[in-house]
There are 2 protein chains.
Amino acid sequence: MATEPLSRARIIAAAIDLIEREGADAVSMRRIAAELGFGVMSLYNHVPNKDALLNGVAETVLSEIEFTDDPDAHWTDRVRMQARAFRQIAHGHPRSTMLVVSRQLHSTAGLLPVERALATLRSAGFDGAHAVRVLRMFIAFIVGSLLREVGVTPTFAPDHRQTVEEVDATLFPEVSALSSLLHSCDHEAEYEFGVELLIQAIAVHPQRREGTR
Amino acid sequence: MATEPLSRARIIAAAIDLIEREGADAVSMRRIAAELGFGVMSLYNHVPNKDALLNGVAETVLSEIEFTDDPDAHWTDRVRMQARAFRQIAHGHPRSTMLVVSRQLHSTAGLLPVERALATLRSAGFDGAHAVRVLRMFIAFIVGSLLREVGVTPTFAPDHRQTVEEVDATLFPEVSALSSLLHSCDHEAEYEFGVELLIQAIAVHPQRREGTR
DNA sequence: GGGGGGTTACGTACACCGTACGTCGCTTCG
DNA sequence: CGAAGCGACGTACGGTGTACGTAACCCCCC
């Protein structure tokens, strides 16, 4: 069997695979090497260290998301589409999401979505300062939402516990009254709600100078 | 010197201290024990394992934030105040923020802010479903914002690089045109902007039945 | 054809990690 | 005074990232 010769790309792919199968904690250089059928130290010919490898993972996952942008659409639709695109990360690579979100990527993979978003907002008539502000707002919302969706941040959804739980109704009346709502979370609906709320809010925002498209 | 006898609280305090001084990666059971002047295994008399210790850290940091709630204030002011309170985490314990945000806390420390927020929203006239939705929206925004503030998520602010950087102006025209804006980030202003935007958006939200306060 | 230099695979070794387990001393109670 | 319990601690095991040295290979140039 002609085992291919090992490469940065193959190592990263194996890491992603391992993370999705067994979680981020399962990732170790030894484990990845074993998965590929090589010795541990061979990895270091292609990757300077584990940290850089994980950056590669984040970068790869991020660059895999597909944006479909229609320059002729109304700017609100373009924003909607771009915002939705990020949810592909949570869907396609749930257990890598934390990694993607928690690493500063100064590569083109990280800058491309930013460039696209800024262009859209500028073309919608936002001046530079507001475009940046609004973008940051969206990113914060998206990061927070994805982390909730992949379960690093609480949804208050069914943890292993029994049904409606032992939250003390006298100590937490609202939580216990709303517990059934708190324990179910339709991520898609929540995300759409947030995106629409933000779009509506910024569409109305006073400091946007007129002249749309 | 009468070295106090070791306790869960002292261990957690030492862990927080260590994290803030040297970062989360510096935390090890051995290191914490050394810091306190005890043997490693003594820690396990007070804490079942490292994971539980880190949960304790998150819980402690979270419970330290001070909410000042005035039940007579307008609901928008109450929401504002509660949202602002969370930023204390990023200020008081920047390097622990990631921990606080990334651990599911089913204790009272984690439920108290939820209870308070829901009560406020309910009293503002939101029905249960919308109160939960809105709360989730705020939490997502807050989590995303705090992570940006403590630097786990990019601000595009001055990393160690030289001034205005080598982003390719033909590849990323908007990014490079707005680079000075992208590279400075007034966290307080960004946060306030977001909070106001959200409050304004939900205040207008149609499905809120009338009857305020 | 014969080096020789660069690249890659790999084994060994070291320092560090979390923690299971057993022991020892002290404190407290019967 | 003995027993029982608990907290501090040492040792040990299996895991981690990676520095370093070595050996095989390929390709180029003399």
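The sequence lines fix the lettering, A, B, ..., with proteins before strands; numbering per chain opens at 1.
Put simply, CE on B/Met29 is 14 Å from C1' on D/dC9, counting in whole angstrom units. One atom, CD1 of A/Ile32, and another, P of D/dT16, lie 11 Å apart when rounded to the nearest Å. Straight-line distance from the CE atom of B/Met41 to the C1' atom of C/dA20: 7 Å, rounded to whole Å. For B/Arg31 and C/dA15, the CZ to P distance is 18 Å, given to the nearest whole Å. The OH-P distance, from B/Tyr44 to D/dT11, rounds to 18 Å in whole Å. The interatomic distance linking B/Ile11 (CD1) with D/dA8 (C1') rounds to 12 Å, in whole Å. With rounding to whole Å, B/Leu54 atom CG is found 14 Å from C/dC17 atom C1'. Whole-Å rounding puts the A/Asp51 CG to D/dG17 P distance at 12 Å.
You won't find any donor-acceptor pair under 3.5 Å spanning the side chain of A/Arg30 and the base of D/dG15, going by distance alone.
Between A/Arg80 and A/Glu196 there is a salt bridge, with a side-chain nitrogen of the basic residue lying less than 4.0 Å from a carboxylate oxygen of the acidic one. With respect to the salt-bridge test (charged N to carboxylate O, under 4.0 angstrom), the residues B/Arg103 and B/Glu59 do not qualify.
Of all nucleotides listed (C/dC10, D/dG17, C/dT19), C/dC10 comes nearest to the side chain of A/Ser42.
Contact between A/Ala189 and B/Arg133 at its shortest, heavy atoms only, is CB-NH2, 4.1 Å. When all heavy atoms are compared, the tightest approach of A/Phe126 to A/Ala131 is CB-N, 4.0 Å.
The shortest distance between the side-chain N/O atoms of A/His46 and the OP1/OP2 oxygens of C/dT7 is not below 4.0 Å.
A/Ser28 comes within 4.0 angstrom of the backbone, heavy atoms only, and of no base.
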